[in-house]
Amino acid sequence: MAGMTEHAGGSGGRLGLRDIVGLDERYYANAFGPRTPICFTEGRGMHLWDTEGRRYLDFFGGVAVNAVGHCHEKVVAAIAAQASRLMHVSNHYYIEGQALLAERLCAITSMGRAFIGNSGAEANEAAFKLARMYWHKKGRPERNEIISLRGSFHGRTMSTLAATGQDAFHAPFKSLIRGYHYCPINDADAFGSMASSNPNVAAAIVEPVQGEGGVHPLEDGYLKKVRGICDEAGILLIFDEIQTGMGRTGRMLGHEHYGVKPDVVTLAKALGGGFPIGAMCATEEAATGFGPGDHGTTYGGGPLACAAALAVIDVIVGEGLVANSAAMGSYLIAELNRALAGSPGVTAIRGLGLMVGIELAERDSSDVVASMLKRGYVVGKAGSRVTRLLPPLIVTRREIDGLVGALAEELG
Ligand SMILES: *Cc1c(COP(=O)(O)O)cnc(C)c1O
């Protein structure tokens with residue numbers, strides 16, 4: 001790829017790749033899947049540079065995190081300014097940025113109240129706790145079970161793992177947290193019978209587009225039926241928008257495509273543009289689940305994270321990135337279809353906005369990631385058969401043309 005050997009003026013890191021890999025293999029917890037032997041040291045906009053000075057176009061954005069591109073100057077400036085003023089105070093005191101961000105989040109989600117944590121899993125934990133507390137306060141503590149969808153992903157903490165509808169993730173922990181039930185995706189009848197046969201369901205959680213599960217948008221009409229079933233049974237409906245939120249799908253929130261409103265919505269990933277943060281927003285009614293002392297966090301909603309998120313939201317809105325996501329997402333899917341439809345290596349291309357999956361007939365998705373890196377492109381995977389694209393929302397046609405050309409050579 002053109003420019004692959006240029007770099008940003010220094011690798012930025014102190015150690016060479018071999019030293020870094022050596023330290024990691026000796027000292028870091030052996031918990032991640034096999035890692036790609038590349039270490040990025042600098043990023044700007046759509047680009048990343050590694051220890052060897054190689055440049056890449058980033059079509060994965062740190063798993064949907066770097067929505068405004070790497071090191072956007074406004075986000076960098078907001079973090080630097082806040083860091084030099086005040087980084088942390090306890091939640092025993094009022095925090096200006098937290099109050100401002102809660103207002104912004106409620107406006108974006110049309111919700112009544114926000115709670116801010118440090119990650120997606122924490123946002124979902126807060127949602128589950130809120131749903132259970134909600135019924136507890138209504139004198140129905142037995143209403144403490146959760147419905148989620150098969151193929152879903154909701155996080156790596158114990159309860160979010162339990163909610164994750166994939167056996168491989170939680171087999172060793174299954175017996176520890178009870179009351180999670182998995183419903184097949186896009187099957188409103190199955191959802192209805194699960195909801196009506198179990199009076200103890202507190203809440204249901206769905207991703208408008210399943211991300212880790214392979215980029216599966218929910219079908220039109222399905223969420224409306226789920227909403228109706230939840231209303232009838234009094235079940236709180238939680239939308240996990242941790243991956244689909246903040247413009248990713250071409251609307252500010254993924255569920256806007258479906259014309260259905262949740263009781264609770266969770267956000268993270270793109271919200272901090274790279275700074276760790278997660279948020280749980282609830283309607284005024286659902287938010288009555290929390291009273292004084294019911295939940296807490298040491299770091300969540302701290303000044304630094306809130307300054308970062310406020311800057312990210314300003315950039316997303318100010319630069320029209322939701323509209324760009326919609327336009328570039330349509331263009332990307334159309335170009336992928338033009339270049340790859342009918343090719344024997346590809347069985348499906350699907351997505352919404354800039355959240356796109358290419359289903360592979362035979363090749364392992366890790367192999368495609370490795371080959372695309374050699375071509376100067378960072379792409380991702382969802383499971384072993386789906387190549388996943390989650391570029392920053394600033395992506396342009398020219399960059400998409402380059403990617404599609406490289407993918408056509410690789411998969412065509
Ligand atoms: C990434 C993700 C999570 C977990 O977020 P963490 O910040 O890794 O805890 C939860 N739900 C969805 C849909 C996600 O994509």
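Read the numbers this way: they start at 1 and go in the same order the structure lists the ligands and their atoms.
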Worksheet item: Out of R248, K269, H255, which residue meets the side chain to side chain donor-acceptor pair (under 3.5 Å) rule with E241?
Response: H255
Discussion item. I'd like to know whether OH of Y299 has more than 12 heavy-atom contacts from other residues, nucleotides or ligands below 6.0 angstrom.
Written reply: no
Worksheet item: Partners of S197 by side-chain contact (heavy atoms from CB on, under 4.5 Å), sequence neighbours excluded?
Response: none
Worksheet item: When the ring planes of F40 and Y56 are compared, do they come out parallel, tilted or perpendicular, using 30° and 60° as the limits?
Response: perpendicular
Practice prompt. Check each protein residue for a heavy atom under 4.0 Å from ligand 1 and list those that pass, ordered by chain and number.
Written response: S119, G120, A121, N124, F153, H154, G155, E207, D240, I242, Q243, K269
Practice prompt. Check the angle between the aromatic planes of Y28 and F32 and answer parallel, tilted or perpendicular using the 30° and 60° thresholds.
Written response: parallel
Discussion item. So that I know where these two stand, are Y258 and F239 an aromatic pair - ring centroids less than 6.0 Å apart?
Written reply: no
